[in-house]
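Report on the structure given below.
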There are 2 protein chains.
Amino acid sequence: MRLSGTSYAVLSVLDALGPATPYDLKQALEVSVQNFWPIPHTTAYAEPERLAKAGLLSVEQEPSGRRRKLYALTDEGRTALRDWASGTKLSPPQVRDEGVLKIFAGADPQPILEDRLRWHTHKLAELEGYLEAVTGKPEMASVRASLLVGVGYEKLIVDALASYVRSAQTATAAPTDQSLAGSAGSGKLRRRS
Amino acid sequence: MRLSGTSYAVLSVLDALGPATPYDLKQALEVSVQNFWPIPHTTAYAEPERLAKAGLLSVEQEPSGRRRKLYALTDEGRTALRDWASGTKLSPPQVRDEGVLKIFAGADPQPILEDRLRWHTHKLAELEGYLEAVTGKPEMASVRASLLVGVGYEKLIVDALASYVRSAQTATAAPTDQSLAGSAGSGKLRRRS
DNA sequence: TCCAACACCATCCGATGCGGACTATACTGC
DNA sequence: GCAGTATAGTCCGCATCGGATGGTGTTGGA
């Protein structure tokens, strides 16, 4: 069976959380892993099932009420997680940003970057909130470490965007000529000959 | 018919490129849009077909040889592209980074950040190469603008990582206690009661 | 001249990602 | 014990994704 980054994300959260229902898992994902590894909400239900089938998680039914399933790491699951985390192979990081796509398509960068500044400012505050919630908990050290990376990253972006937006340089302003046709140069991005 | 960010990515590249085969499209995507909006190679074949069916692209068969298909923007396609680019709605930016995921899982941050420093350094050089290839081409202004954003972004990351790696602080070092179990606090990331 | 080898180009397939819409269950105040 | 709301979970259909494979043209060497 093939384990994806998403599989390890689920294992990690379960490791930090202890036995949890899919819903617990979903909540925890939303305030942690989501920030650097997007996961759709349905995965919080589908993935544990797959992992349990592979023997990496144990399942236990709640005895009363909703009789929800409680998933927990097995020893095998813990081993798989540690092996992956200590391995040196890293898939390349990805960014997906519709704003840059619009700039590529010819939109005026200014309002887009201003929008992004607002967004990243909010995100920074959000992450700082999470960070505060795990201070003084040595057992959450790795969660804290990832949050520190996240906060550092957002600070970087916010500072850069803020200084750009403030000075609103014309050097990177929107192109006045939107007819991109006509290039026949030797660049990497070139028209057919 | 529903247009995704990927649809607009294809339209944008076709707009910059002029009439192109799926393969041309794939090549162009790889050195431009890929850097801020990941697209699998098969999409370069599947998406134009969908867009053509929706009337946003025209199709023309090569008369000789492989008789490949040449796709080009229709007026309708150009309008759709402009409308989207000038609209103010932006989906939130996403980052997907297995390195941070590993740090979250308890891995030692140091080697991961060093790996990332190398990766971003290469990426920065790559983007600067693309940038050079479009200098002095006013019809490529928007491509250049997006590259400037990309270069600025990578520079930011490289600088930050470099200074971090150099000083290798212990404040964010790997957690020595990996047994994350036991937390029963009131943080956002908490165990079941 | 012809063939082998390679580079280029394209499609297929199964698995997973993805999110909207919907359903079901529990809690809360009255 | 009921209405309304918050919580919890499922379903469905389509898009994404990448590995694998299969064609097609080109090049160079005997």
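Here is the naming used below: chain letters follow the sequence lines, and residue numbers restart at 1 for every chain. Treat the numbers as computed from the prediction; the structure is a model and nothing was measured.
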Discussion item. Could you tell me how far apart Leu51(A) (CG) and dA15(C) (C1') are, to the nearest whole angstrom?
Written reply: 15 Å
Worksheet item: In Å, rounded to the nearest 0.5 Å, how long is the span from CG of Leu25(A) to CD of Glu47(A)?
Response: 9.5 Å
Worksheet item: In whole angstrom, what separates Arg50(A)'s CZ from dG14(C)'s C1'?
Response: 13 Å
Worksheet item: dG9(D), dT16(D), dG19(C): which one has an atom nearest the side-chain heavy atoms of Pro40(A)?
Response: dG19(C)
Item to complete: Check the hydrophobic clustering (I, L, V, M, F, W, Y; side-chain heavy atoms under 4.5 Å; chains of links allowed) and say if Leu156(A) and Leu113(A) are grouped together.
Response: no
Discussion item. Tell me whether the rings of Tyr153(A) and His120(A) are parallel (<30°), tilted (30 to 60°) or perpendicular (>60°).
Written reply: perpendicular
Response to the item:
Walking DNA chain C from its 5' end, the first of Ile39(A) and His41(B) to be reached, judged by nearest nucleotide, is His41(B)
Worksheet item: Tell me: CG of Asp24(B) to C1' of dC8(C), nearest whole Å?
Response: 12 Å
Worksheet item: Counting any heavy atom closer than 4.0 Å, what does Thr43(B) reach on the DNA or RNA strands: base, sugar-phosphate only, or nothing?
Response: nothing
Worksheet item: Which of these passes side-chain contact (heavy atoms from CB on, under 4.5 Å) with Leu101(B): Leu90(A), Thr6(A), Val33(A)?
Response: Val33(A)
Practice prompt. Figure out the CD/C1' separation between Glu49(A) and dA15(C), and round it to whole Å.
Written response: 15 Å
Discussion item. Distance check needed: dG18(D) P versus Gln34(B) CD, whole Å only.
Written reply: 9 Å
Practice prompt. Would you kindly give the CD-to-P distance between Gln94(B) and dT16(D), to the nearest whole Å?
Written response: 13 Å
Response to the item:
Quick note, Thr42(A) side chain, CB onward, closest among dG19(C), dG9(D), dG19(D) is dG19(C)
Worksheet item: What's the OH-P distance between Tyr45(A) and dG9(D), to the nearest Å?
Response: 5 Å
Discussion item. Whether Thr6(A) contacts dC18(C) is assessed here as follows: a side-chain N or O lying under 4.0 Å from the phosphate OP1 or OP2. Is that the case?
Written reply: no
Worksheet item: To the nearest angstrom, how far is Lys69(B) atom NZ from dT24(D) atom C1'?
Response: 16 Å
